[in-house]
2 protein chains.
Amino acid sequence: MSDAPSAAEEIMDGVYSALRAHGYADLTMRDIADECSKSKSLLHYHYDTKEDLLVAFLEYIVSDSEKRIAARADDPPVERLVQFIGWFVFAPDETDREAFHIALLELRTQGPFNERIREELARSDRLLRGTVADILADGIEAGVFREVDIEETAAMIVATLDGARTRQITLADSVREEEDDGYTRTVAEATLRRIVEPLLTEGAELPALDTAIEALRRDPDGGADADADRGADADPDGGADDAE
Amino acid sequence: MSDAPSAAEEIMDGVYSALRAHGYADLTMRDIADECSKSKSLLHYHYDTKEDLLVAFLEYIVSDSEKRIAARADDPPVERLVQFIGWFVFAPDETDREAFHIALLELRTQGPFNERIREELARSDRLLRGTVADILADGIEAGVFREVDIEETAAMIVATLDGARTRQITLADSVREEEDDGYTRTVAEATLRRIVEPLLTEGAELPALDTAIEALRRDPDGGADADADRGADADPDGGADDAE
DNA sequence: GCTCATTGACTGACCGGTCAGTCAACGAGC
DNA sequence: GCTCGTTGACTGACCGGTCAGTCAATGAGC
């Protein structure tokens, strides 16, 4: 239980804050250094180049998502799928979660220009689509889902949620109306009703999205085992909570 | 019918080419100037700042999409919807179009940080979602679509297609298998089968996606009126072909 | 000869990265 | 338990290079 966060962690937090404050295109080493109250030189001491630092950051958040998903691997398929969908939804006031997705989206745009980043993004894609595919396969085996084209269904669910979130992020915030609980949520509900529900076999029941989101909010790491290996060094603000 | 393209048009073409070649994050005024064989100073003569220029470019391509969509406003609803969906799909070998969408995505990520860009993106969103909503409304009136929640359906269709294309773009060639004609296409087909088809009333028939795409490719401006005002100087590769 | 479009040369700001050096912690030797 | 050499973490000053933006001068058209 070291209460002093390691330098590496502080720097990762700095990248995260700087990214949400400035966006990728305007991100400088100075921004990152300022954001974690360190010197620019220190960043270069730990990471040779700016690219190295950003790749490390991507690795960091993708790995975090991997852990979170793994922690829920044993939940029942239907609950797990609804929870996965809920994962993409965030209310307008959840600035942290939203800012995180902004940061990630910025990084995604660099995929086409940077192989190392692209590699990491591909890993994240395998993680997300693979997770949905696993859930579907488990559900089919357990008899709660009909036999559908697993890959296609997974691709479609991920694309839809990702697209909704991207649109919400890029269009949002200053002009947002109060009562709008988020474009993503509307689409997530529609996804459940129009894509997931037709998948269910007779008798299988779909939990409410709100319930799943609430559960995620209360227990972001998945209740599974309390000794989840992030354990000792888990940072206080929960760190990165998703990956693309 | 001026055969000499105006400076403004040449500059817009320059922005387009430069964005394709360099992406947004690495886009410089020199890149744009070189791409349209003009001087950097001239760009500043016509547009005070780089931001002004980019906002003007966004306006330009959104307006272009507006015209293209308007040109097809009188097509039958079902065909129009399938064509709209086909609009999002491009084959892996269309590198130009893909590169442009990459740049556009980068521009979109500037939304959260730049109000003028965000404004233009919002206009584009209204255009896309509004178009689908119009098509659905027309189709319901014409009796070819069931009475559904128009806004929700439009939101979902646009989110799905946009998400699929974004994923295809950002993950690019590393994950792509040869026989894969594009992630977007898979999702577009699935969208037709799982979202659009359940909308149809008895007797209504869904045209094939390929047919719609082929029609778009042959006649990008919509057969309506041949004097479409870009007319004379339309650049060979079709120029800006979409808006987010 | 006046206006407008256009240019090349220029500037100040700022970027990523380097480098010489500071500082606290730690262990070895006595 | 004090000193001293060593090491790893960290910093401020600085460098070459690049960027957006400026400006005086030139040319084209009327």
Side-chain angles (χ1 to χ4, degrees), chain A residues 2-58 60 103 106-107 109-110 113-117 233 235, chain B residues 2-60 103 106-107 109-110 113-117 233:
Chain A
S2 58
D3 45 0
S6 76
E9 279 167 346
E10 287 188 83
I11 293 174
M12 290 296 112
D13 279 353
V15 176
Y16 176 78
S17 307
L19 217 34
R20 76 175 146 181
H22 303 276
Y24 176 87
D26 290 325
L27 184 71
T28 71
M29 292 296 269
R30 153 152 258 111
D31 292 333
I32 298 172
D34 287 353
E35 213 67 50
C36 60
S37 305
K38 296 274 188 296
S39 74
K40 199 159 68 81
S41 315
L42 182 68
L43 303 182
H44 285 292
Y45 175 79
H46 287 286
Y47 306 90
D48 281 354
T49 66
K50 187 183 180 185
E51 185 189 319
D52 285 342
L53 174 54
L54 292 176
V55 170
F57 176 72
L58 243 188
Y60 173 79
E106 307 272 348
L107 239 26
T109 63
Q110 291 311 298
F113 306 106
N114 185 315
E115 193 181 330
R116 295 165 68 198
I117 289 182
D233 63 278
D235 62 38
Chain B
S2 56
D3 47 358
S6 74
E9 278 167 342
E10 286 188 85
I11 293 175
M12 289 298 111
D13 279 353
V15 176
Y16 179 74
S17 306
L19 271 177
R20 254 184 350 200
H22 303 275
Y24 174 84
D26 289 327
L27 184 72
T28 70
M29 291 297 270
R30 153 153 258 112
D31 293 333
I32 298 171
D34 287 353
E35 213 67 50
C36 60
S37 305
K38 297 270 187 297
S39 74
K40 198 160 69 80
S41 316
L42 184 67
L43 303 183
H44 283 292
Y45 175 77
H46 287 283
Y47 305 91
D48 280 355
T49 67
K50 187 184 183 184
E51 186 190 319
D52 285 343
L53 174 55
L54 292 175
V55 170
F57 177 73
L58 248 186
E59 276 174 30
Y60 173 79
E106 292 184 89
L107 221 39
T109 64
Q110 293 308 299
F113 307 104
N114 184 316
E115 195 182 327
R116 296 165 68 198
I117 289 181
D233 66 286

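When all heavy atoms are compared, the tightest approach of B/L107 to B/I117 is O-CG2, 3.8 Å. Closest approach of B/Y24 to B/A103, counting heavy atoms only: CB-O, 4.3 Å.
Residues B/H46 and B/D52 have side chains not in contact (no heavy-atom distance under 4.5 Å, counting atoms from C-beta outward). Counting heavy atoms from C-beta on, the side chains of A/L54 and A/L27 come closer than 4.5 Å. Residues A/M29 and A/L53 have side chains in contact (heavy-atom distance under 4.5 Å, counting atoms from C-beta outward). In this structure, B/E106 and A/F113 have side chains that are in contact, with non-hydrogen atoms separated by less than 4.5 Å.
For A/E115, there are no salt bridge (Lys or Arg N to Asp or Glu O under 4.0 Å) partners, not counting sequence neighbours. Considering only residues two or more places apart in sequence or on other chains, A/D48 meets the salt bridge (Lys or Arg N to Asp or Glu O under 4.0 Å) condition with none of them. Here B/S41 pairs with B/S39 under the side-chain contact (heavy atoms from CB on, under 4.5 Å) rule; sequence neighbours left out.
DNA chain C is contacted by no residue of residues 23-34 of chain B, taking any non-hydrogen atom closer than 4.0 Å. Within residues 35-43 of chain B, the residues having any heavy atom under 4.0 Å from DNA chain C are, by residue number, B/K38, B/S39, B/S41, B/L42.
Counting 5' to 3', DNA chain C first comes under 4.0 angstrom of a heavy atom of chain B and last does so at the ends given by C/dC4 to C/dA9.
Not one N or O on the side chain of B/D34 forms a donor-acceptor pair closer than 3.5 Å with the backbone of B/D31.
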